[in-house]
Amino acid sequence: MAVVDAKMSDYFQRYIVPLAGVFIVLRILHYVLSKLHPIVFAKICPIVSRKHHLEIKEHKDKLFSDLAATRKDSNQRFFALEIGCGPGANFALYPANTSLLVVEPNSRFEESAVKNAAKHPSLEISKFLAMGAEDLKGHVEDSSQDAVVSTLTMCSVDDIDAVVSEIHRILKPGGRFYFVEHTETHNKNSWTHFMQRMMVPVVFTLAHCQINNTFYVSVDRAGFSKVQYTKMDIAKCPRLFRSHVLGFAVK
Ligand SMILES: C[S@@+](CC[C@H](N)C(=O)[O-])C[C@H]1O[C@@H](n2cnc3c(N)ncnc32)[C@H](O)[C@@H]1O
Ligand SMILES: *[C@@H]1O[C@H](CO)[C@@H](O)[C@H](O)[C@H]1NC(C)=O
Ligand SMILES: *[C@@H]1O[C@H](CO)[C@@H](O)[C@H](O)[C@H]1NC(C)=O
């Protein structure tokens, strides 16, 4: 009996204790990362996001060129909502007299967004909602927006279906949801697709970004009257972030 006990204790000390130690360290690391993430991201995002913005700018400019198409003649203002605006990479693309509602859960972006908005006289931020876009009831009225814009945000939201359903709710009939997002690799038989699958948890832990998202599936089934998008690979972007889906959906 004593021999078995000694063996058990030896086994315990050799394997279970170190394993439990590693587990606890990983949990602590995970906790610290989740707390640090909004702070670090607010510093890194403007740099990474600016680079990505320049890589896709040509496509963004083209897509956004008819952003004001839904502006009603009777109202001279253009009511738009942008989800996850970060420091405001898209602010230059809004038409004259835009009244912009911003939904951005990382409140550390508020200062840079407001500062950046001041450079664009075409645009006025009517409200900065420091929250996720999953449930905007009580904050944004039904059928109140001419357009909703999302760029590189769908990979970060917690619940894509909920966000898309809220976008549909708040758009005016005929209003449009514009999106430019990076997604799961389009070519399923590629090495990149395999690498992307392998890297999903790593990128998610480090950057809260779901690199294999297929947000457009949610747009397809959200009840829009028309959905139009293009799938493309943008060669200038890093491999894991190369596949994009851009277009718009009409309520
Ligand atoms: C990769 S950044 C993109 C920033 C900006 N749209 C751009 O194109 O440069 C993703 C943004 O989504 C925001 N975000 C994360 N979860 C969100 C949610 N549930 N609802 C709305 N925005 C969210 C993040 O705070 C971050 O600013
Ligand atoms: C912007 O608003 C001003 C004043 O309300 C108006 O005169 C102008 O025509 C508007 N611009 C557009 C593009 O609607
Ligand atoms: C993304 O990858 C994760 C982990 O491999 C998987 O659980 C999830 O279903 C994938 N998402 C999509 C939309 O394919």
Side-chain angles (χ1 to χ4, degrees), residues 37-57 60 64 67-68 71-79 81-99 101-110 112-113 116 121-124 128-136 139-140 146 148-164 166-167 178-185 188 193-205 207-218 240-241 244-246:
H37 182 257
I39 305 170
V40 174
F41 204 64
K43 294 266 179 257
I44 297 177
C45 175
I47 304 162
V48 178
S49 141
R50 170 141 191 88
K51 190 168 166 286
H52 203 151
H53 172 73
L54 293 175
E55 287 158 355
I56 57 179
K57 190 171 181 310
K60 254 193 197 177
F64 280 42
L67 182 59
R71 188 203 300 257
K72 304 273 182 299
D73 279 332
S74 56
N75 92 53
Q76 310 225 286
R77 294 174 73 193
F78 183 66
F79 293 94
L81 179 144
E82 181 163 341
I83 66 168
C85 70
N90 301 321
F91 289 176
L93 301 170
Y94 287 98
N97 300 342
T98 296
S99 174
L101 257 169
V102 167
V103 179
E104 170 54 71
N106 190 344
S107 57
R108 285 170 195 276
F109 283 126
E110 180 163 4
S112 51
N116 195 8
S122 58
L123 167 111
E124 172 210 48
F128 188 102
L129 293 166
M131 61 190 291
E134 280 80 2
D135 185 7
L136 299 169
H139 298 277
V140 186
D146 294 305
V148 173
V149 168
S150 166
T151 70
L152 315 177
T153 298
M154 290 296 167
C155 59
S156 307
V157 306
D158 295 326
D159 183 343
I160 295 174
D161 276 331
V163 170
V164 173
E166 277 299 81
I167 291 171
Y178 285 83
F179 45 84
V180 180
E181 303 288 343
H182 72 86
T183 63
E184 179 186 47
T185 303
K188 302 277 184 295
H193 186 250
F194 175 75
M195 277 313 289
Q196 196 186 45
R197 273 230 106 109
M198 295 296 105
M199 291 300 286
V200 167
V202 178
V203 180
F204 190 77
T205 306
H208 201 76
C209 168
Q210 194 82 29
I211 47 178
N212 66 333
N213 82 83
T214 52
F215 81 96
Y216 46 91
V217 173
S218 303
L240 300 183
F241 304 86
H244 287 71
V245 171
L246 45 114

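Whatever order the structure lists ligands and atoms in, that order sets their numbers, starting from 1.
Every residue meeting the side chain to side chain donor-acceptor pair (under 3.5 Å) condition with Ser150, not counting sequence neighbours, appears here in chain and number order: Glu181. With sequence neighbours excluded, the residues that form a salt bridge (charged side-chain N to carboxylate O under 4.0 Å, His left out) with Asp161 are Arg221.
Using a 4.0 Å cut-off to heavy atoms of Asn97, the atoms of ligand 2 that qualify are 1 (C), 2 (O), 3 (C), 8 (C), 10 (C), 11 (N), 12 (C), 14 (O).
In terms of heavy atoms, Leu136 sits closest to Glu166 at N-OE2, 2.6 Å. Among all heavy-atom pairs drawn from Phe78 and Leu67, the shortest one is CZ-O, 3.2 Å.
Distance check: Leu152 CG to His182 NE2 gives 6.0 Å after rounding to the nearest 0.5 Å. Separation of atoms CE (Met199) and OG1 (Thr205) is listed at 10.0 Å; rounding is to 0.5 Å.
In this structure, ligand 3 sits under 4.0 Å from heavy atoms belonging to Arg197, Val200, Gln210, Asn212, Thr214.
Between the side chains of Glu82 and Asn90, at least one donor N or O sits under 3.5 Å from an acceptor N or O. Under 3.5 Å, the side chains of Gln196 and Thr185 contain a donor-acceptor pair of N or O atoms.
Taking the centre of each ring, Phe179 and Tyr216 stay at or above the 6.0 Å mark.
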Less than 3.5 Å apart, N/O on ligand 1 and N/O on the protein: could you list those pairs with the distances?
from	atom 1	to	atom 2	distance (Å)
ligand 1	6 (N)	Gly84	O	2.7
ligand 1	6 (N)	Thr151	O	2.8
ligand 1	6 (N)	Thr151	OG1	3.4
ligand 1	8 (O)	Thr151	O	3.1
ligand 1	8 (O)	Thr151	OG1	2.5
ligand 1	9 (O)	Ser49	OG	2.6
ligand 1	19 (N)	Glu134	OE1	3.0
ligand 1	19 (N)	Glu134	OE2	3.2
ligand 1	20 (N)	Ala133	N	3.0
ligand 1	25 (O)	Glu104	OE2	2.5
ligand 1	27 (O)	Glu104	OE1	2.7
ligand 1	27 (O)	Glu104	OE2	3.3

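For the pair Glu124 and Arg77, the salt-bridge criterion is met [side-chain N within less than 4.0 Å of a carboxylate O].
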